[in-house]
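As a basis for the values below, the full set of heavy atoms in this structure was taken, side chains included, without hydrogen atoms, waters or symmetry mates.
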Amino acid sequence: MMKKIVDLVITIIVLLLFGVLIFRFVTDFKKTLLLVTVLAIAIILKHYIRKK
């Protein structure tokens, strides 16, 4: 259980870092938000598929 929480926290931190980097290049906030959301969903799905 603890490992799962740590994994989730690391994933969120990485996504935030990617979001900041992407935001520097893409000034349109809505596009950046959409891209980060899609990345987050993809990573979370990957985690769930790997667990099963």
Out of D7, I5, V6, which one pairs with K3 under the side-chain contact (heavy atoms from CB on, under 4.5 Å) rule? D7
Any residue meeting side chain to side chain contact (heavy atoms under 4.5 Å, CB included) with I44, in chain and number order, not counting sequence neighbours: Y48
For K4, all residues meeting salt bridge (charged side-chain N to carboxylate O under 4.0 Å, His left out), sequence neighbours excluded: none
Enumerate the salt bridge (Lys or Arg N to Asp or Glu O under 4.0 Å) contacts for residues 36-46, please, sequence neighbours excluded, ordered by first and then second residue. none
According to salt bridge (Lys or Arg N to Asp or Glu O under 4.0 Å), does anything in residues 32-42 pair up with another residue at least two apart or in another chain? List the pairs. none
Considering only Ile, Leu, Val, Met, Phe, Trp and Tyr, and joining two whenever side-chain heavy atoms are under 4.5 Å apart, list the other residues clustered with L45. I41
Say you draw a straight line from OG1 of T37 to CG of L15; how long is it, rounded to the nearest 0.5 Å? 9.5 Å
Hydrophobic cluster of I12, others only, ordered by chain and residue number, side-chain cut-off 4.5 Å: L8, L16
By the salt bridge (Lys or Arg N to Asp or Glu O under 4.0 Å) test, which pairs, at least two apart or in different chains, include something from residues 11-20? none
